[in-house]
Protein chains: 2
Amino acid sequence: MLSKKTKYGLKALTYIARQKDVKLVPIATIAESENISHKFLESILLTLRKSGFLGSKKGKGGGYYLLKDPVDIPMTDVIRILEGPIALVPCVSLNYYEKCDDCKDEKSCSVYRLMIQVRDNTLQVFRNNTLADLV
Amino acid sequence: MLSKKTKYGLKALTYIARQKDVKLVPIATIAESENISHKFLESILLTLRKSGFLGSKKGKGGGYYLLKDPVDIPMTDVIRILEGPIALVPCVSLNYYEKCDDCKDEKSCSVYRLMIQVRDNTLQVFRNNTLADLV
DNA sequence: CTATTACCCTATCGGTTTAATAGATTATTA
DNA sequence: TAATAATCTATTAAACCGATAGGGTAATAG
């Protein structure tokens, strides 16, 4: 299940990307338009800024803005930051690998082979979609 | 993330399916071989029995057995019982649909369209794999 | 200079889920 | 009847999630 954090984060990024003439988008505007808790969204945008997706400007008239072109922001990057591993099981995760403590041999695990397939398919979708596709 | 419940359930089903001459497989045997907590596995096998995947026999020499041919047990069925919805978001779930409370219009939601793709791909994998493929 | 706006940080909290454990009961076989 | 194995009920500890609270800090308009 996708966390609300990720869902809200994607919505916020999409919202910001949609603004053409407006350069800075304040939290309150996004929170109202997308029905997201102001404070919760605040923390999400903060991590997105620290991860290099967003820039921000303080003070009156301030807000958030995209640091890259939406075309250059693949979903894989966003999802990994907000949600964590894309794989359903740590032992098939590319970026967050962890060994199973109950499995002796990974390669002979029946679940392993199935989850590799799921991971590859999901990965393909996330790689083929950038923020530009969501807008 | 896949819950241990589902993971253990799949492993147990695979284990039972692998036994040729043995008709009844007791919990303890599976728990030992697969390194699963006996009591936890107990509750998992119980739901698998109540869902129609397994049959059981009490008493000495008792245990669990498959009710169907492994070829006739698609992963979709098992996953839905043990894990719940396959979709990452309730609003794109086929069997566990739920409306988003923050979305006005589903069709125009950017996350929605992305998650539909993920769901379709994952579904395809689970449909193409039966218990026989795991064995 | 000052008030306003908005980002930034820390802490907490209730609720839910997860994984596991414990104990008692019922059914079957040898 | 004794041993075995499934069944049922219940409780637990830990982790996580979504949300909230309150204040601190920085920048800008007027």
Side-chain angles (χ1 to χ4, degrees), chain A residues 1-12 16 22-51 53-65 67 82-85 88-90 96 98 100-102, chain B residues 1-12 16 22-51 53-67 81-85 88-90 96 98 100-102:
Chain A
M1 275 288 151
L2 203 74
S3 66
K4 297 219 167 184
K5 184 180 173 188
T6 306
K7 190 184 169 191
Y8 292 164
L10 286 175
K11 281 190 164 192
I16 297 173
V22 185
K23 283 180 182 170
L24 295 168
V25 189
I27 296 179
T29 309
I30 308 174
E32 277 174 40
S33 301
E34 302 290 335
N35 292 310
I36 306 172
S37 150
H38 183 281
K39 281 290 192 177
F40 191 26
L41 180 58
E42 198 180 285
S43 71
I44 297 170
L45 294 184
L46 199 62
T47 64
L48 284 176
R49 201 213 52 179
K50 287 180 179 169
S51 312
F53 295 103
L54 295 176
S56 67
K57 202 176 178 208
K58 290 184 181 179
K60 195 169 188 176
Y64 283 97
Y65 58 95
L67 285 177
L82 293 176
E83 189 73 13
L88 289 179
V89 178
Y96 299 83
E98 224 172 295
C100 293
D101 45 358
D102 56 307
Chain B
M1 276 289 151
L2 203 72
S3 66
K4 298 219 168 184
K5 183 180 172 186
T6 306
K7 190 184 171 192
Y8 291 164
L10 286 175
K11 280 192 165 190
I16 296 173
V22 186
K23 283 179 182 169
L24 294 168
V25 189
I27 296 178
T29 309
I30 309 174
E32 277 174 40
S33 302
E34 302 290 336
N35 292 310
I36 306 172
S37 149
H38 182 281
K39 281 292 191 178
F40 190 27
L41 181 58
E42 194 180 290
S43 69
I44 297 169
L45 295 184
L46 201 61
T47 64
L48 285 175
R49 200 213 52 179
K50 288 179 179 170
S51 312
F53 295 103
L54 295 176
S56 67
K57 203 178 175 204
K58 287 186 179 179
K60 194 167 188 177
Y64 283 96
Y65 57 95
L66 282 176
L67 285 177
I81 291 294
L82 293 176
E83 189 74 12
L88 289 179
V89 178
Y96 299 81
E98 226 172 292
C100 293
D101 46 356
D102 56 306

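Worth knowing before you read on, the calculation uses all heavy atoms, side chains too, and leaves out hydrogens, waters and symmetry mates. These figures come from a predicted structure and were not determined experimentally. Chain letters run A, B, ... following the sequence lines, proteins first and then strands; every chain starts at 1.
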Identify the pairs formed between an N or O of the protein and an N or O of nucleotides 21-25 of chain D at a distance under 3.5 Å, and give each distance.
{"residue": "dG22(D)", "atom": "O6", "partner": "Lys39(A)", "partner atom": "NZ", "Å": "2.2"}
{"residue": "dG23(D)", "atom": "O6", "partner": "Lys39(A)", "partner atom": "NZ", "Å": "3.4"}

Position toward the 5' end of DNA chain C (nearest nucleotide), Leu46(A) or Lys4(B): Leu46(A)

Under 4.0 angstrom between Tyr64(B) side-chain N/O and dT7(D) OP1 or OP2: yes

Where at least one partner belongs to residues 3-12 of chain A, residue pairs that pass side-chain hydrogen bond (donor to acceptor under 3.5 Å, both in side chains), sequence neighbours excluded: Ser3(A)-Thr6(A), Ser3(A)-Glu83(A), Thr6(A)-Glu83(A), Lys7(A)-Asp102(B), Lys11(A)-Asp102(B)

Integer-rounded Å distance: dC17(D) P and Leu88(B) CG: 14 Å

Protein-nucleotide distance (His38(A), atom NE2; dT20(D), atom P), rounded to Å: 12 Å

Spacing of CG belonging to Leu54(A) relative to OH belonging to Tyr65(A), to within rounding of 0.5 Å: 9.5 Å

Exam field: side chain Ser33(B) to backbone Ile30(B), donor-acceptor pair closer than 3.5 Å: no

Any donor-acceptor pair under 3.5 Å from Ser43(A) side chain to Phe40(A) backbone: yes

Phosphate-side-chain proximity, Ser56(B) and dT7(D), N/O vs OP1/OP2 below 4.0 Å: yes

Chain B footprint on DNA chain C, 5' to 3' - any atom under 4.0 Å from a heavy atom: dA19(C) to dT29(C)

Closest heavy-atom pair and its distance - Pro26(A), Gly62(A): CB-O, 4.0 Å

Position toward the 5' end of DNA chain D (nearest nucleotide), Lys50(B) or Gly61(B): Gly61(B)

Whole angstrom value for the distance that separates P of dA19(D) from CD1 of Ile44(A): 9 Å

Phosphate OP1/OP2 of dG18(D): any Ser37(A) side-chain N/O under 4.0 Å: no

Heavy-atom donor-acceptor pair, Thr29(A) side chain to Val25(A) backbone, under 3.5 Å: no

Rounded distance (Å) that lies between atom P of dC16(D) and atom CE of Met1(B): 12 Å

Residue mapping more 5' on DNA chain D - nearest nucleotide basis, Gly59(A) or Leu2(A): Leu2(A)

Separation between CG of Leu10(A) and CG of Leu82(A), rounded to the nearest 0.5 Å: 6.5 Å

Leu41(A) CG to dC17(D) P, straight-line distance once rounded to whole Å: 18 Å

Rounded distance (Å) that lies between atom P of dT7(D) and atom CG of Leu48(B): 12 Å

CD1-CG distance between Ile27(B) and Leu41(B), expressed to the nearest 0.5 angstrom: 6.0 Å

Gap separating the OG atom of Ser51(B) from the CG atom of Leu46(B), nearest 0.5 angstrom: 9.0 Å

Touch class at under 4.0 angstrom, heavy-atom based, for Ile27(A) against every strand present: sugar-phosphate

Atom-pair distance (CZ on Phe40(A); C1' on dG18(D)), nearest Å: 5 Å

